[in-house]
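Working notes, structure below.
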Amino acid sequence: MKYVLSLDQGTTSSRAIIFDQQGIARSKVQKELRQIYPQPGWVEHDPELIWRSQVECARRAITKARLSPSDIVAIGITNQRETTIVWDRRNGQPVHNAIVWQDRRTADCCEKLKRDGLTDLIQSRTGLVPDPYFSATKIAWILDSIPGLRMHAERGELAFGTVDTWLAWKLSNGALHVTDVSNASRTMLFDIHRGQWDADLLEIFGIPESMLPTVRPSAFLYGRSAAKILGAEIPIAGIAGDQQAALFGQACHAPGMAKNTYGTGCFMLLNTGNHAIPSRNGLITTCAASISSSKQQFALEGSVFNAGAVIQWLRDGLRLIPTTPAVEKLAASVQDSGDVFLVPAFTGLGAPYWDPLARGTLIGLTRGTTGAHIARAALESIAYQSTDLLQCMQRDAGIRIKELRVDGGASTNTLLMQFQADLLGVAVSRPYITETTALGAAYLAGLTTGYWKNRASIARQWKIEARFEPRMTRAEVDERMHRWRAAVERSRNWAINQ
Ligand code: ADP
């Protein structure tokens with residue numbers, strides 16, 4: 001028997017999972033990653049720690065599955081996206097800590113881009129909106145932060161990479177400087193229509209092209225890991241950013257298929273096939289994981305900032321529940337939220353409202369309101385926000401989805417999933433294997449090396465564990481969405497000057 005090793009380098013942990021040909025996990029190892037907060041709004045990781053934790057997980061996963069390194073036929077990499085690392089090509093030393101996607105230090109720079117009228121150019125080339133989230137302004141910040149660094153960059157001595165690129169570099173002992181289209185499309189430097197780095201944007205940000213990795217399809221034989229790393233030279237054969245890997249792992253291969261990941265936040269992606277559809281609602285157009293350079297697939301992407309985080313707040317902030325899963329029982333102890341709405345705009349609101357000054361709002365309280373109503377309103381807020389997103393996507397793409405595939409920690413909550421199906425008016429399907437991110441990267445690597453034959457054979461492995469059919473009448477849904485939007489209006493424009 002042979003296996004595929006998936007490296008899943010996330011924001012809070014590194015994980016390695018070994019999959020067999022049925023897509024079943026044979027072993028899993030996870031290691032927490034230290035978060036560094038140098039100043040309010042700044043978030044960093046130590047690149048060496050990212051690497052060490054990831055390689056340690058990989059080695060332990062092989063041992064735990066009682067395999068020898070030669071039993072692994074391919075490595076797939078999936079990663080936290082946008083996080084930016086710059087290192088010296090000559091010695092492989094990072095010149096700065098990794099600047100994490102959540103980091104807001106370049107907010108002023110992005111405001112300036114907007115004032116300079118660059119929003120349209122950026123959106124039309126990259127599918128993104130100017131925001132500190134993406135890599136471009138983070139690279140420019142690093143180059144400006146250390147005297148003389150730009151000169152080294154211009155001499156071709158520095159390399160930039162997102163976390164996938166850094167891991168491929170380290171795995172290959174410095175032989176590979178590569179990335180895939182899905183990661184490239186999150187840098188704000190990549191022309192998603194032409195599939196190449198954009199010279200105009202590189203000039204705007206003052207980034208020499210020599211710093212950038214070679215961009216390949218997501219399923220591609222990038223190279224091999226150096227023998228000393230894992231004990232064998234193993235093909236590195238798949239790379240994709242975490243959300244695109246999850247879309248692939250959910251077998252959403254055809255246009256019109258969508259997945260939503262219910263974690264701390266929610267990430268929803270809709271496959272739009274070979275059309276890069278610009279959003280009129282502030283969503284992002286992004287490259288989906290691709291299996292060939294001639295057939296780029298695109299996706300519309302939207303995120304909810306606070307989803308599972310609301311349940312954490314019930315537990316840690318309000319102390320309403322002892323554990324997160326306990327929310328389901330409490331919420332189910334009442335028939336409905338009693339017309340109580342919780343708008344969890346703790347950090348402002350994203351699509352389609354885009355209001356950084358909105359703040360959390362609990363409305364509709366009466367003397368009869370109990371903790372159970374609040375728990376139910378909190379849970380429902382996750383579904384309301386996801387419904388807002390999906391409705392935007394459907395409007396932008398001009399299509400109606402037939403099913404939403406779900407994963408992530410909060411997707412285990414049956415009450416939430418049923419309410420989600422009710423609001424959307426489409427079935428919500430939860431697969432047996434919810435490790436869709438790691439599985440997506442494994443599938444990409446296994447397709448490249450012939451371990452799996454084609455996408456159809458992968459799609460056959462996707463099996464429903466639970467399917468939630470909509471049961472609410474349209475009139476009731478419309479009434480609830482109307483009340484939700486009224487509650488959202490009350491939450492807006494509250495914070496002062498932030
Ligand atoms: P992340 O990858 O963002 O850390 P996970 O996919 O591990 O997220 O999911 C964790 C999130 O899911 C937490 O925010 C937690 O509050 C939420 N969560 C976990 N179990 C439940 C549950 N049964 N009901 C509602 N939310 C849950």
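Values below: every heavy atom of this structure, side chains too, minus hydrogens, waters and symmetry copies. Note that the numbering runs from 1 along the sequence shown for the chain. Counting starts at 1 for both ligands and their atoms, following the listed order.
- Counting atoms of ligand 1 from 1 in the listed order, those under 4.0 Å from a heavy atom of Gly408 are 6 (O).
- For ligand 1, the polar-atom distance check finds an N/O of Asn413 within less than 3.5 Å of one of the ligand's N/O atoms.
- Within ligand 1, the atoms closer than 4.0 Å to a non-hydrogen atom of Ile311 are 16 (O), 25 (C), 26 (N), numbered from 1 in the order shown.
- Among all protein heavy atoms, the one lying closest to atom 26 (N) of ligand 1 is Ala410 CB, 3.4 Å.
- Note that atom 2 (O) of ligand 1 has no protein non-hydrogen atoms nearby, at separations under 4.0 angstrom.
- Taking the ring centre of Trp141 as origin, the terminal cationic atom of Arg105 falls inside the region bounded by 6.0 Å and 45° from the ring axis.
- Heavy-atom distances between Thr412 and ligand 1 reach below 4.0 Å in at least one pair.
- If you look at Thr261 next to ligand 1, there are no close heavy atoms at all, none under 4.0 Å.
- In the vicinity of Pro325, heavy-atom distances shorter than 4.0 Å reach the ligand 1 atoms 23 (N).
- Close approach to Val327 involves these atoms of ligand 1, each under 4.0 Å from a residue heavy atom: 24 (N), 25 (C).
- Evaluation of the ring pair (Phe, Tyr, Trp, His ring centres under 6.0 Å) test over residues 413-432, restricted to residues two or more places apart or in two chains, returns Tyr384-Phe419.
- The pair Arg492-Glu489 meets the salt-bridge criterion, since a charged nitrogen lies less than 4.0 angstrom from a carboxylate oxygen.
- Between Tyr443 and Trp452, a ring centre-to-centre spacing shorter than 6.0 Å is recorded.
- Checked by distance only, ligand 1 and Gly308 come closer than 3.5 Å through their nitrogen or oxygen atoms.
- Using a 4.0 Å cut-off between charged side-chain N and carboxylate O, Glu469 and Arg467 make a salt bridge.
- Nearest non-hydrogen protein atom to atom 8 (O) of ligand 1 is Gly263 CA, 3.4 Å.
- The backbone N or O of Ala309 sits nowhere less than 3.5 Å from a side-chain atom of Thr264 that would complete a donor-acceptor pair.
- Looking from atom 4 (O) of ligand 1 to the surrounding protein, the closest heavy atom is Thr264 OG1, 3.5 Å.
- Atom numbering of ligand 1 starts at 1 in the shown order; those under 4.0 Å from a heavy atom of Ala309 are 14 (O).
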Check the pair Ile363, Val340 against side chain to side chain contact (heavy atoms under 4.5 Å, CB included), reporting the backbone distance first and the verdict last. CA-CA 6 Å; Ile363 196 163; Val340 170; over 6 Å; no

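- At a 4.0 Å cut-off, at least one heavy atom of Gln312 sits close enough to ligand 1 to count as contact.
- In this structure, Arg186 forms no cation-pi arrangement with Trp101, as its terminal cationic atom is not both closer than 6.0 Å to the ring centre and no more than 45° off the ring axis.
- Between Arg216 and Asp180 no salt bridge is recorded (no basic side-chain N to carboxylate O distance below 4.0 Å).
- Between Arg376 and Asp336, none of the side-chain N atoms (NZ, or NE/NH1/NH2) sits under 4.0 Å from a carboxylate O, so this pair counts as no salt bridge.
- Considering backbone and side-chain N/O atoms, Thr12 never comes within less than 3.5 Å of an N/O atom of ligand 1.
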